[in-house]
2 protein chains.
Amino acid sequence: MLKISELAVLTGLSAHTIRFYEKHGLIEASKRSDSGYRYYSDADVKRAEFVKSARNIGFSLDDIGVLLSIRLDKQSHSCQEVTDITQHKLDEVNARLAELQTMQQTLERLLESCCGGPENATHCSIIEALDGGDVTVARRAS
Amino acid sequence: MLKISELAVLTGLSAHTIRFYEKHGLIEASKRSDSGYRYYSDADVKRAEFVKSARNIGFSLDDIGVLLSIRLDKQSHSCQEVTDITQHKLDEVNARLAELQTMQQTLERLLESCCGGPENATHCSIIEALDGGDVTVARRAS
DNA sequence: ATTGACCTTAGAGTTGACTCTAAGCTTATA
DNA sequence: TATAAGCTTAGAGTCAACTCTAAGGTCAAT
Ligand SMILES: [Zn+2]
Ligand SMILES: [Zn+2]
Ligand SMILES: [Zn+2]
Ligand SMILES: [Zn+2]
């Protein structure tokens with residue numbers, strides 16, 4: 001049975017974050033000492049590590065809640081439910097990637113066009129480009 | 001001289017957002033009617049379009065404030081100041097791109113491994129992978 | 001017995017960029 | 001002239017995921 005700071009070291013989450021996740025139903029301490037201290041069993045640790053893994057991949061806390069409920073009762077859930085969540089996340093990631101790639105290209109193009117020197121910016125092609133409005137549009141969809 | 005809703009149509013920003021940007025020093029209405037209505041000159045429109053362009057590229061409102069002050073007095077600023085901001089933004093974009101690409105790969109790998117079918121999830125390789133913790137790590141740096 | 005490190009809680013604060021509300025003027029159209 | 005559409009303000013609310021604070025209780029070691 002680990003104390004919260006030990007679980008924190010193990011997972012790389014802060015104790016604050018662990019309590020925060022508990023409040024949102026993601027992590028549990030199966031035991032409490034008489035004084036109220038949280039104690040985490042092996043199963044609790046596994047669960048916390050599951051949460052951390054899902055978080056690392058980029059799943060939202062809400063998604064993780066659903067994934068946890070599937071993990072907890074695999075019999076009552078299908079692979080399709082799991083792939084639905086995963087595919088949806090991938091779609092989000094791809095959409096954001098496309099936006100960022102457009103931004104990247106625009107920024108690179110702007111950097112190439114500007115001399116970057118110490119002289120004054122009266123001739124600056126970046127300022128000109130922004131003034132002209134001839135920059136590619138790529139704004140957040142979500 | 002345009003009213004705020006006309007500027008909104010022109011820029012694609014909402015009137016709310018235009019007022020919000022004004023509060024943050026990004027957009028100005030050079031005239032007000034006796035009743036207090038904002039009126040935007042051609043120069044104001046250009047400025048608003050500059051802001052919109054910079055926003056489209058992904059610059060933060062703070063960055064845009066700096067870019068505007070350079071635009072306003074090009075004599076006193078250098079191309080280097082402009083490229084510094086641009087390069088810094090590009091660095092951010094590249095860092096986030098790397099994270100998202102890792103997420104993308106992991107999600108794709110997970111999706112390939114799962115049958116996605118309607119049968120129950122007792123054998124689900126996605127849940128297994130999250131349980132095992134063998135997922136690539138790619139979390140936000142900023 | 002006294003440090004000092006660790007734990008508890010409820011709840012407030014942070015970030016960035018909006019987004020909306022309420023209450024009340026103003027202006028344009030019919 | 002009445003109705004609707006549009007404008008004003010200050011200020012509150014939203015989102016996600018933390019992050020921190022205050023005030024106090026607990027525990028291990030000296
Ligand atoms: Zn130059
Ligand atoms: Zn330049
Ligand atoms: Zn399956
Ligand atoms: Zn599966």
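Keep in mind that the numbers below use all heavy atoms, side chains included, and drop hydrogens, waters and symmetry copies. Quick caveat, the model's predicted, so the values are computed rather than measured. A, B, ... follow the sequence lines: proteins, then strands. Residue 1 opens every chain.
In this entry the distance linking NZ of B/Lys52 with C1' of C/dC18 reads 14 Å, nearest Å. Remark: C1' of C/dA17 and CG of B/Leu61 are 6 Å apart, rounded to the nearest angstrom. Straight-line distance from the CE atom of B/Met1 to the P atom of D/dC7: 15 Å, rounded to whole Å. B/Asp63 has its CG atom 15 Å from the C1' atom of C/dT15, to the nearest Å. Here the P atom of nucleotide D/dA17 and the CD1 atom of A/Ile18 are 17 Å apart, to the nearest Å. Rounding to whole angstrom units, CZ of residue B/Phe20 and C1' of D/dA10 are separated by 15 Å. Distance, A/Lys23 NZ to D/dC20 C1': 11 Å, rounded to whole Å. Taking atom NE2 of B/His24 as the reference point, atom P of C/dA17 lies 9 Å away to the nearest angstrom.
The backbone N or O of A/Leu26 sits less than 3.5 Å from a side-chain atom of A/Arg47, completing a donor-acceptor pair. Using a distance-only test at 3.5 Å, with no hydrogens or angles considered, a donor-acceptor pair links the side chain of A/Asp44 to the main chain of A/Ser41.
Ion pairing between a basic and an acidic side chain is recognised when a charged N comes within 4.0 Å of a carboxylate O; A/Glu112 and A/Arg109 show no such pairing. Salt bridge status for B/Lys89 with B/Glu92: present, with a side-chain N to carboxylate O gap under 4.0 Å. The pair A/Arg96-A/Glu99 meets the salt-bridge criterion, with a side-chain N (NZ, NE, NH1 or NH2) lying under 4.0 Å from an Asp/Glu carboxylate O.
Of the residues in residues 81-92 of chain B, none lies under 4.0 Å from DNA chain C by heavy-atom distance.
Hydrophobic cluster membership for B/Tyr39: B/Met1, B/Tyr37 (Ile, Leu, Val, Met, Phe, Trp, Tyr linked by side-chain heavy atoms under 4.5 Å, directly or transitively).
Residue B/Ser14 is out of contact with every strand shown, counting any heavy-atom pair closer than 4.0 Å.
Heavy-atom distances to DNA chain D give each of A/Asp34 and A/Thr17 a nearest nucleotide, and the one nearer the 5′ end belongs to A/Thr17.
For A/Gly25 against A/Leu68, the heavy-atom pair with the smallest separation is O-CD1, 4.4 Å.
At least one side-chain nitrogen or oxygen of A/Tyr21 sits closer than 4.0 Å to the OP1 or OP2 atom of D/dC18.
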Where protein sits on nucleotides 1-9 of chain C, one letter per nucleotide: B base, S sugar-phosphate only, - none, heavy atoms under 4.0 Å: -----BSBB
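Shown here is B/Glu28, whose CD atom has no more than 12 heavy atoms of other residues, nucleotides or ligands within 6.0 Å. With a 6.0 Å radius and a threshold of 12 heavy atoms from other residues, nucleotides or ligands, A/His88 has its NE2 atom at or below the threshold.
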